[in-house]
Amino acid sequence: MTEQLQELEALMDAAAARLPHVIKKRLFGCQALYRERAVFALVWKTGRIGVKLPIPAQYHELMSKVGSEPWVAHAVMSQWVLVPKTFHSDPNLLFDWLKIAHGLADDEAATAVRTKSTKIVRSATKGSTRASTPRRRS
């Protein structure tokens, strides 16, 4: 790993240290930050920090900043913005956007858990309904 990526990881870690329930894991060979099971930030191999912003208003607000770019990894990664390099030298700006992405990840994780639970309940209901419904013979 290059020294630049290590510095960015340390910078991202320091900015995220004030956020609750942050877990570090690897994603696509890069350090990523998660809240519960939802990823919200990463250090990309090109030497940039990216944040996931699934709400269009926040995505477009950050994309409007000079130096922001979409994250491209073989294709444009939906909802991801590589923050301007100027944010790398401004811990407050970096923290502000990490905090927004972190908050949105909490909503995403909660939605994923609710959706998964609903699917499980629906499957169980369908299975028990089928099992309890007698079949007609012709």
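Because the structure is predicted, anything quoted here is derived from the model rather than measured. Sequential numbering from 1 along the given sequence is applied to the chain's residues. Note that these values count all heavy atoms, side chains included, but never hydrogens, waters or copies made by symmetry.
Summarising the local packing, NZ of K25 is surrounded by more than 12 heavy atoms from other residues, nucleotides or ligands at distances under 6.0 Å.
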What pairs of donor and acceptor atoms, side-chain ones from residues 85-101 against any protein atom, are under 3.5 angstrom apart with sequence neighbours left out?
residue	atom	partner	partner atom	Å
S89	OG	T86	O	3.0
D90	OD1	N92	N	3.1
D90	OD1	L93	N	3.3

When you look at L104 and Y59, which way does the side chain to side chain contact (heavy atoms under 4.5 Å, CB included) test go after all the steps? CA-CA 11 Å; L104 295 173; Y59 175 86; over 6 Å; no
V81 vs K65, side chain to side chain contact (heavy atoms under 4.5 Å, CB included): CA-CA, chis, key distance, verdict: CA-CA 11 Å; V81 178; K65 307 290 183 203; over 6 Å; no
May I have the step-by-step check of side chain to side chain contact (heavy atoms under 4.5 Å, CB included) for F28 and H74, ending in yes or no? CA-CA 12 Å; F28 303 127; H74 304 295; over 6 Å; no
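A salt bridge does not link K24 with E9: none of the charged nitrogens is closer than 4.0 Å to a carboxylate oxygen.
Looking only at distances, a side-chain donor or acceptor of R26 sits under 3.5 Å from a matching main-chain atom of G29. In this structure, the side chain of H102 does not engage the main chain of A41 through any donor-acceptor pair within 3.5 Å.
In this structure, the side chains of V22 and D13 stay at 4.5 Å or more apart for every pair of heavy atoms.
Neither V76 nor M63 shares a network with the other; the hydrophobic side chains, linked directly or stepwise wherever heavy atoms of I, L, V, M, F, W or Y lie under 4.5 Å apart, form separate groups for each.
In this structure, the separation between CG on L82 and CG on L62 is 9.5 Å, given to the nearest 0.5 Å. Rounded to the nearest 0.5 angstrom, F40 CZ and L33 CG are separated by 4.5 Å. Taking CH2 of W44 as the reference point, atom CG of L27 lies at 8.0 Å (rounded to 0.5 Å).
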